[in-house]
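Along the sequence shown, the residues carry numbers beginning at 1.
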Amino acid sequence: MVAMNEWIEKSKTYLWLPFTQMKDYEQHPLVIESGEGIFLTDVNGKTYYDGYSSLWLNVHGHRKKEIDDAIRAQLERIAHSTLLGAANIPAIALAEKLIEWTPSHLTRVFYSDSGAEAVEIALKIAFQYWRNIGEHKKQKFVTLTNGYHGDTVGAISVGAIDLFHTVYEPLMFTSYKAPFPLVYRHPSNDPNVVRDEALHALETLLAERHEEIAAIIVEGMIQGAGGMHVMPAGYLKGVEQLCRRYHILFIVDEVATGFGRTGKRFAIEHEDVKPDIMTVAKGITGGYLPIAATLTTETIYEAFYGDYTEFKTFFHGHSYTGNQLGCAAALANIQIFERERLIEQIEQKATFVAEQLASFNELNHVGDVRQLGLMCGIELVRDRHTHEPYPWTERMGYKTTLKMREKGMLTRPLGDVIVFMPPLASTFEQLEAMIAIMKEAIIETTEKRG
């Protein structure tokens, strides 16, 4: 039997961790052994708050009985069978529930295993849709600056974060980049001015290129990996209106923002937006198993329907698409949302968090606090008055999260933006405790360096 502390050495010897410089990991290793509620425990017995929901996806905490029981019950029937040409009961039941949960114009569910795959599917559907209806010129995509939609080649081709994507540029297809309405550091500091400028720039692009553009893809109301930047009110609705005006499909990526994270079931509800295609993942199973979905309108679905000889079939699929265990977990997850009226609780908790985070604006090295629901980002800067950032080589965000770990809370930074995305089931007391840890860590890390 392996001793607990031996797991750390084995992790250094055999694993290659995602989005991780392994030299950093070797200096600050961490191996999780168990979880309970919103807490994680490492192999040395130290317990931490799960301040980033195990990368933005845990909803009800770890070892939630109802989801555990649902997975066990499904194991008594079958763990997996293919969805290629043969449906299964949990996949059907979950699809029905997803259609009930999402805006009424979305009527079809295509499953996959991760958010990036859901985006790949959305792009391929949008591309083939136009071909299937005879409009072969529409092959290009529009994305927003600083956007992130996953790490597969198609997803990075509609991404725009240089640190993540530039190295792979020879592999990527070309997409058009429209400016994200970034309020922080804009000379006006006026959300309405920023919104209108961004929409004008987008319309200029569409007016010139709409005949070759298949779709626009955006994140729902807030950019996640790009730094937790919230769209000014009216921007997302404005993008939808431009898509309708210029005959372009509208894809909304709700992988990070869906399932209550922003205070609504889905972020599009903040502005009554109706996308042609929507991607979901992360919170869909409550953080248990890898299920994702791409939802479309019936109009899009019908463009792929016909005789085999018409070659309209959507030739795409993954081995574990519609996995029964994952679908069973997702159904249990949604049932908990409904029974516990969790969306209403999130709205109350988001207000509480906003009140708690207000004092961060007084800290010498906090430049901006951004929040939508329980998606929060605290940007650290050298000078909060001039918005001067720290040199990237100082890695202030990384050092601050290490200090947070020392104090009993886990999260990952986005550069110098500290991410706070707690499990939605966190209590008010737990939220207050996590925010206190963040504040202490920021003060100790930034003030120490002046």
Original post:
So, do Ile300 and Leu249 sit near enough that their side-chain heavy atoms are less than 4.5 Å apart?
Top reply: yes
Original post:
Do NZ/NE/NH1/NH2 and the carboxylate oxygens of Asp24 and Arg395 come within less than 4.0 Å?
Top reply: yes
Subject >> Stepwise side-chain contact (heavy atoms from CB on, under 4.5 Å) test for Val419 and Trp56 >> reply: CA-CA 10 Å; Val419 173; Trp56 311 5; 3.8 Å; yes
Original post:
Step by step, would you call Leu342 with Ile336 a side-chain contact (heavy atoms from CB on, under 4.5 Å)?
Top reply: CA-CA 8 Å; Leu342 191 56; Ile336 297 169; 5.7 Å; no
Original post:
Using 30° and 60° as the class limits, which term best fits the ring planes of Phe337 and Phe259: parallel, tilted or perpendicular?
Top reply: tilted
Subject >> Distance flag, aromatic centroids of His316 and Phe314, threshold under 6.0 Å >> reply: yes
**OP:** Check side chain to side chain donor-acceptor pair (under 3.5 Å) between Tyr129 and all other residues, then give those that pass, not counting sequence neighbours.
**Re:** none
Original post:
Roughly how far apart are Glu66 CD and Arg339 CZ, rounded to 0.5 Å?
Top reply: 4.5 Å
Subject >> Side chain Thr401, main chain Tyr398, donor-acceptor under 3.5 Å >> reply: yes
Subject >> Asp253 vs Met278 side-chain heavy atoms within contact, under 4.5 Å >> reply: no
Subject >> Thr47 side chain near Leu40 side chain, heavy-atom distance below 4.5 Å >> reply: no
Subject >> Lys399/Glu444 ion pair, N-O < 4.0 Å >> reply: no
Original post:
Are Glu440 and Lys403 ion-paired here, with the side-chain N under 4.0 Å from a carboxylate O?
Top reply: no
Original post:
Between Tyr246 and Glu203, is a side-chain hydrogen bond (donor to acceptor under 3.5 Å, both in side chains) present by the stated rule, with each step listed?
Top reply: CA-CA 9 Å; Tyr246 289 97; Glu203 182 164 18; 3.0 Å; yes
Subject >> Chi angles and distances behind the side-chain contact (heavy atoms from CB on, under 4.5 Å) call for Phe352, Gln348 >> reply: CA-CA 6 Å; Phe352 176 78; Gln348 297 168 359; over 6 Å; no
**OP:** Salt-bridge test for Lys439 and Glu432: reply yes if a basic N is under 4.0 Å from a carboxylate O, no otherwise.
**Re:** no
Original post:
Counting N and O atoms only, with roles assigned by atom type, does the side chain of Gln223 sit under 3.5 Å from a partner on the main chain of Ala225, one being a donor and the other an acceptor?
Top reply: no
Subject >> Reported CD1-to-CD distance for the pair Ile435 and Glu355, which is rounded to 0.5 angstrom >> reply: 10.0 Å
Subject >> Salt-bridge present (Glu240, Lys237; N to O < 4.0 Å) >> reply: yes
**OP:** Specify whether Tyr49 and Phe39 have parallel, tilted or perpendicular ring planes, treating 30° as the upper limit for parallel and 60° as the lower limit for perpendicular.
**Re:** tilted
Original post:
Counting N and O atoms only, with roles assigned by atom type, does the side chain of Tyr111 sit under 3.5 Å from a partner on the main chain of Ala95, one being a donor and the other an acceptor?
Top reply: yes
Original post:
Checking side-chain contact (heavy atoms from CB on, under 4.5 Å) for the pair Met231/Arg195: CA distance, chi angles, key distance, verdict?
Top reply: CA-CA 8 Å; Met231 295 175 179; Arg195 176 198 63 212; over 6 Å; no
**OP:** Have a look at Ile121 and tell me which of Leu123, Ile125, Val119 forms a side-chain contact (heavy atoms from CB on, under 4.5 Å) with it.
**Re:** Ile125
Original post:
Would you say the side chain of Ile248 lies within less than 4.5 Å of the side chain of Lys138, judging by non-hydrogen atoms?
Top reply: yes
Subject >> Check: Lys177 and Val142 side chains under 4.5 Å, non-hydrogen atoms >> reply: no
Original post:
Taking the side chain as C-beta and beyond, is there a heavy-atom pair between Phe250 and Gln241 under 4.5 Å?
Top reply: no
Original post:
Hey, does the side chain of Glu208 reach the backbone of Leu205 with a donor-acceptor pair shorter than 3.5 angstrom?
Top reply: no
Subject >> Ring centers of His387, Tyr184 separated by less than 6.0 Å >> reply: yes
**OP:** Any chance you could measure Thr257, atom OG1, to His270, atom NE2, to the nearest 0.5 Å?
**Re:** 8.5 Å
**OP:** Please lay out, stage by stage, how Glu338 and Trp101 fare under the test side-chain hydrogen bond (donor to acceptor under 3.5 Å, both in side chains).
**Re:** CA-CA 10 Å; Glu338 294 175 338; Trp101 251 52; 2.9 Å; yes
**OP:** Find out whether the Lys NZ or Arg CZ of Arg412 is both under 6.0 angstrom from the six-membered ring centre of Tyr52 and within 45° of the ring's axis.
**Re:** no
Subject >> Residues His365 and Tyr390: side-chain donor-acceptor under 3.5 angstrom >> reply: yes
Original post:
Is the shortest side-chain N to carboxylate O distance from Asp276 to Arg244 below 4.0 Å?
Top reply: yes
Original post:
Does the side chain of Leu182 come within less than 4.5 Å of Asn146's, by heavy atoms?
Top reply: no
Original post:
With a 3.5 Å cut-off and no angle check, do the side chains of His60 and Glu340 form a donor-acceptor pair?
Top reply: no
Original post:
Under 4.0 Å between a Lys/Arg side-chain N and an Asp/Glu carboxylate O for Glu212 and Lys140?
Top reply: no
Subject >> For Glu379, all residues meeting side chain to side chain donor-acceptor pair (under 3.5 Å), sequence neighbours excluded >> reply: Arg185, Arg370
Subject >> Spacing of CD1 belonging to Ile251 relative to NE2 belonging to His149, to within rounding of 0.5 Å >> reply: 9.0 Å
Subject >> Donor-acceptor contact present, side-chain Asn333 to main-chain Gly283, <3.5 Å >> reply: yes
**OP:** Check the side chains of Tyr48 and Asp42 for a donor-acceptor pair under 3.5 angstrom, ignoring hydrogens and angles.
**Re:** yes
Subject >> Gln371 CD to Thr351 OG1 distance, which is reported to the nearest 0.5 Å >> reply: 8.0 Å
**OP:** Determine yes or no for a side-chain-to-main-chain donor-acceptor pair under 3.5 angstrom, with Glu271 supplying the side chain and Gly234 the backbone.
**Re:** yes
**OP:** Dump the intermediate steps for salt bridge (Lys or Arg N to Asp or Glu O under 4.0 Å) on Arg261 and Glu254, then the final yes or no.
**Re:** CA-CA 10 Å; Arg261 179 54 64 178; Glu254 290 261 13; over 6 Å; no
**OP:** Could you walk me through whether Ser54 and Asp50 pass side-chain hydrogen bond (donor to acceptor under 3.5 Å, both in side chains), step by step?
**Re:** CA-CA 6 Å; Ser54 293; Asp50 189 353; 2.8 Å; yes
**OP:** Measure the CG-CG distance between Asn323 and Asp113 for me, rounded to the nearest 0.5 Å.
**Re:** 8.0 Å
Original post:
With distance as the sole test, does Thr145 use its side chain to make a donor-acceptor pair with the main-chain N or O of Phe180 at under 3.5 Å?
Top reply: yes
Original post:
So Phe19 and Phe164, would you call those rings parallel, tilted or perpendicular, with 30° and 60° as cut-offs?
Top reply: perpendicular
Original post:
Given side chains that start at C-beta, do those of Ile156 and Thr152 come closer than 4.5 Å, heavy atoms only?
Top reply: no
**OP:** Show your working on salt bridge (Lys or Arg N to Asp or Glu O under 4.0 Å) between Glu429 and Lys349 and close with a plain yes or no.
**Re:** CA-CA 10 Å; Glu429 292 76 16; Lys349 291 173 183 177; over 6 Å; no
